[in-house]
Amino acid sequence: MAEAYDVQEVELRWQKIWEESGLYQVDLDDTRPKSYVLCMYPYPSGPAHQGHVKNYTYGDLNVRYRTMKGEAVLSPFGFDSFGLPAENAAIKTGIHPREFTDARIGELKSNVKRLGAVYDWRREIRSHDPAYIRWSQFIFTKLYEAGLAYKAEAPVNWCPGCQTVLANEQVLADGTCERSGDLVVKRNLSQWFFRITRYADELLDMLEDLDWPERVKTMQRNWIGRSVGAEMDLVVEGRPDLALRVFTTRPDTTFGMTYAVMAPEHPLVAQVVTDAQRAEVDAFIEAVRNLSDVDRVSTSENRPKRGVFTGAKVMNPFTGEAVPLFIADYVLMTYGTGAIMAVPGEDQRDYDFAKVYGLPVVRTVQPPEDFEGEAYTGEGAKINSGFLNGMPIPDAKEAAIAWLEERGRGTRSVQYRLRDWLVSRQRFWGCPIPIVYCDTHGAQPVPAGQLPVLAPDDVEFLPTGESPLGHHEGFKQATCPVCGGPAVRETDTMDTFVDSSWYFLRFCDPFSPEAPFSKEAVDAWMPVDQYIGGIEHAILHLMYARFFTKALSDLGMVGPNLREPFARLFTQGMIRLGGSKMSKSKGNLIAPAQYFETVGADALRVFHLFVGPPGDDFDWTEQSDEMIEGCSRFLQRVYRLATDPSLAPTGEGQRGASIELRQATHRAIDKVTTDYERWSYNTAVAALMALTNQAYKSLQAGADAPSVNEAVDAILKMLAPMAPHMTAEAWSLRHPEGIIHAEPWPVADPALLVSATETMVVQVAGKVRDKIEVAVDISEDGAVALALGSDKVRNALGSDRPSRVIARLPRLINLIP
RNA sequence: CCCGUGGUAGCCCAACUGGCAGAGGCGUCCGGCUCAGAACCGGAAGGUUGAGGGUUCGAAUCCCUCCUGCGGGACCA
């Protein structure tokens with residue numbers, strides 16, 4: 001293609017200018033309104049992929065647009081640089097993870113710069129930088145002191161592939177690891193947890209007011225899984241000292257309890273089982289233990305419920321009636337109290353079990369006449385329920401809870417699906433947990449003055465599956481901060497999601513050697529006004545970062561009003577190739593770098609913006625290259641229009657053509673501005689293409705110089721956040737003193753948005769029969785008269801007079817015969 | 001199974017509170033320019049809006065049923 005400008009030369013030159021100009025470096029004393037635009041900081045996996053290009057194009061566009069609107073925009077960049085791939089590479093090649101990671105960072109960073117994205121690079125963060133590690137550890141010790149970090153033994157998720165434990169959030173619904181795909185197994189281990197459950201209610205309630213995609217909010221709500229109900233004690237028959245605690249969301253159905261169930265792992269199993277049933281129960285528990293978690297929770301096939309009678313009976317707290325107690329694997333020890341009352345009349349799972357074991361079904365809600373199902377979970381009046389009879393369900397719930405509480409047999413209770421966040425990882429390439437263990441003083445946080453705790457360099461990476469830290473005697477040796485005696489250092493590192501839970505705060509003030517960040521800087525910049533990233537972080541990162549913000553706020557490290565980190569979130573669509581997500585692990589990458597060398601960064605950016613709505617997934621096809629060519633062609637066309645002397649308007653111009661162009665320009669300004677605000681970049685690009693076409697046409701038709709120059713300058717400005725290099729170059733040639741990205745955003749003149757006439761569509765019985773140019777303020781009578789003046793309309797109508805007229809003037813009139 | 005979100009020209013996609021199905025691009029075809037081609041410029045063709053029913057003067061848009069793509073949740077008591 002013949003190029004109007006040398007893409008390589010122009011893009012590299014402007015990138016240098018931006019880097020040196022400091023236009024996008026902002027400081028606390030800036031007097032412009034402050035805003036904060038942030039893309040999720042990346043794991044440095046090597047050269048950029050198309051997902052990065054999409055992400056940073058949206059980010060850069062927002063930064064440049066807001067700057068042109070007069071804001072001081074904080075736009076930092078950093079790297080989430082701890083993680084397993086670097087450690088795996090070390091085992092394979094012997095290269096230290098730091099060296100490996102720094103090299104990958106170099107590749108990604110140069111690609112990001114080549115994209116033309118601008119950042120305040122003074123603020124760059126790397127998670128593995130000792131200065132960052134120090135403060136991650138400092139925050140850990142603060143959480144520990146506040147009781148928000150604790151060590152406990154629990155059945156945890158162990159990934160054999162990654163050779164480490166995982167958080168619940170990192171295990172997929174089918175029981176596999178989200179990273180490696182290996183089947184995760186349960187192990188009882190002593191691990192560090194963060195008490196995220198303390199914030200469950202706030203995490204749920206504050207979702208309401210966030211300007212986030214509904215789908216992300218729904219995912220978080222599901223994950224937190226709040227259930228409101230009651231807990232109560234079911235006393236074992238003949239054992240007044242022994243009671244089984246159950247949780248239910250339907251205390252109103254207790255009169256319909258016909259049996260009860262405990263989880264196989266329940267601690268009271270041994271105490272309640274009768275001698276006669278012991279052998280059968282032991283066999284059942286053994287059988288369940290041998291099932292993988294996947295088999296156990298699988299609901300894909302309709303597998304019958306399995307259970308075994310304990311020989312014991314428990315008593316209904318309301319009626320005193322004794323019902324059989326079972327052990328069944330459909331009750332989970334990890335939720336609620338690990339035991340339930342079973343009401344087959346109103347719960348399908350209980351019904352299924354009752355059917356298998358021939359247990360009675362009692363309804364406590366009157367189903368409608370035509371109800372044909374098994375368990376009835378709908379609305380209705382209470383029946384068979386003593387003092388609750390006749391009440392609607394919500395009232396009956398309240399009455400039942402009040403009854404239980406008055407007699408001390410139960411209490412109102414709220415349960416969550418959310419578990420505490422397991423942060424220990426048995427890996428080397430992560431932030432060491434800053435704890436030492438003393439024989440006399442137990443677990444002690446490393447004092448702030450001794451931070452950071454850094455992993456030693458003299459370690460060997462062997463494919464044993466074990467972290468080298470655990471074998472490093474020098475690292476393990478420590479002294480107790482309380483007594484000064486010998487202590488053993490914790491050798492686990494933190495989940496890398498800990499690093500990403502506070503980096504956005506550090507960006508506000510990464511300079512201070514005295515603190516992780518200054519409260520003043522965080523007050524000034526936070527919350528992030530626009531956060532941009534992938535949907536894959538909907539639960540993990542976004543939930544953890546919200547938790548950290550709330551915890552740090554309660555600790556007084558950030559202001560009391562900062563309860564949410566990200567005011568507005570945008571999640572970009574996924575890029576697929578051949579049906580699956582484009583990713584390094586799938587080996588189906590189309591590297592952006594090749595386009596930098598051919599059509600240039602601007603064309604690739606515009607392609608990503610133009611190809612479809614930003615939130616939609618899109619499939620990379622053979623046609624994508626042709627579409628990128630098309631975007632390149634458009635940019636060249638704009639550049640020519642803006643700079644080619646042979647296209648300069650001549651003479652005094654045609655008045656009609658000039659006005660037509662001015663109206664088109666101002667309509668485009670209005671439309672494109674709206675589209676920027678609502679993240680409709682694909683239609684914004686389309687509108688700019690249309691205006692460019694119009695400008696060429698108007699030039700041909702003899703539009704005058706002021707109207708053409710107005711159009712061209714507006715196109716360049718509105719395109720400047722999208723295609724920064726070309727527009728900067730063209731602008732500098734037209735206005736040698738000016739810098740386009742420091743120009744104000746164009747404003748539409750309302751007078752040019754309206755016209756005197758409009759095309760009125762004339763329908764007869766809903767079908768279009770004619771189109772007539774009319775004054776915008778035409779009356780209904782006038783419009784009918786004009787319409788009846790048309791032969792086509794009169795023929796279709798078949799008479800002189802419509803029986804009915806529907807008018808939406810001046811755009812439409814519909815005549816009914 | 002439940003929830004959410006899509007299905008418009010060969011392809012990617014527009015269409016504000018229901019009002020001419022089309023803004024833009026890709027591809028295809030025709031013409032101009034050229035010795036010829038590329039590039040460039042001008043123009044054209046292309047439709048049962050996933051299917052069926054309903055509401056309405058009028059439905060891509062609202063309601064119901066079904067088909068289908070994608071995402072999430074799912075013995076969570």
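Worth knowing before you read on, the calculation uses all heavy atoms, side chains too, and leaves out hydrogens, waters and symmetry mates. What you see is a predicted model; the values in this text were computed from it and never measured.
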task = Kindly say whether, by distance alone, the side chain of A/Q623 makes a donor-acceptor pair under 3.5 Å with the base of B/rC26?
result = yes
ask   = Within the pair A/R678 and B/rC16, is there a side-chain N or O less than 4.0 Å away from OP1 or OP2?
value = no
remark   = Pairing partner of B/rA45, by Watson-Crick or G-U wobble and under 3.5 Å for both distances, is none
key: Between B/rA59 (P) and A/L812 (CG): distance, integer Å   = 12 Å
query = Within less than 4.0 Å of OP1 or OP2 of B/rA74, is there a side-chain N or O belonging to A/N222?
reply = no
Separation between the C1' atoms of B/rA60 and B/rA14, rounded to whole Å = 12 Å
query = Rounded to the Å, how far apart are A/Q636 CD and B/rC41 P?
reply = 11 Å
message = Between A/R576 and A/D617, does the salt bridge (charged side-chain N to carboxylate O under 4.0 Å, His left out) criterion hold? Intermediate values first, please.
response = CA-CA 7 Å; A/R576 281 191 297 246; A/D617 292 348; 3.3 Å; yes
request  = May I ask you to verify if any side-chain N or O of A/S624 is less than 4.0 angstrom from the OP1 or OP2 atom of B/rC12?
outcome  = no
task = Scan A/I806 against the nucleic acid and name what it touches under 4.0 Å (heavy atoms): base, sugar-phosphate only, or nothing.
result = base
ask   = Below 3.5 Å, does any donor atom in the side chain of A/E626 face an acceptor in the base of B/rG25, or the other way round?
value = no
ask   = Can you tell me if the side-chain N/O atoms of A/N693 get under 4.0 Å from OP1 or OP2 in B/rA23?
value = no
ask   = Side-chain N or O of A/R808 less than 4.0 angstrom from OP1 or OP2 on B/rC57?
value = no
key: Distance-only polar pair, side chains of A/S227 and A/Y335, donor-acceptor under 3.5 Å   = yes
ask   = When you check the gap from the basic side-chain N to the acidic O, do A/R245 and A/D233 get nearer than 4.0 Å?
value = yes
query = With both distances under 3.5 Å as the test, what is the Watson-Crick or G-U wobble partner of B/rA14?
reply = none
remark   = B/rC40 -> Watson-Crick or G-U wobble partner, both distances under 3.5 Å, gives B/rG32
ask   = Below 4.0 angstrom, N of the basic side chain to O of the carboxylate: do A/R808 and A/E780 qualify?
value = no
query = Can you tell which of B/rA15, B/rG19, B/rG25 lies closest to the side chain of A/N814?
reply = B/rG19
query = Between atom CH2 in A/W223 and atom C1' in B/rG72, what is the gap in whole Å?
reply = 11 Å
task = Examine B/rC57: is either OP1 or OP2 under 4.0 Å from a nitrogen or oxygen in the side chain of A/R804? Give yes or no.
result = yes
ask   = For A/R306 and B/rC75, is the shortest distance between a side-chain N/O and OP1 or OP2 below 4.0 Å?
value = no
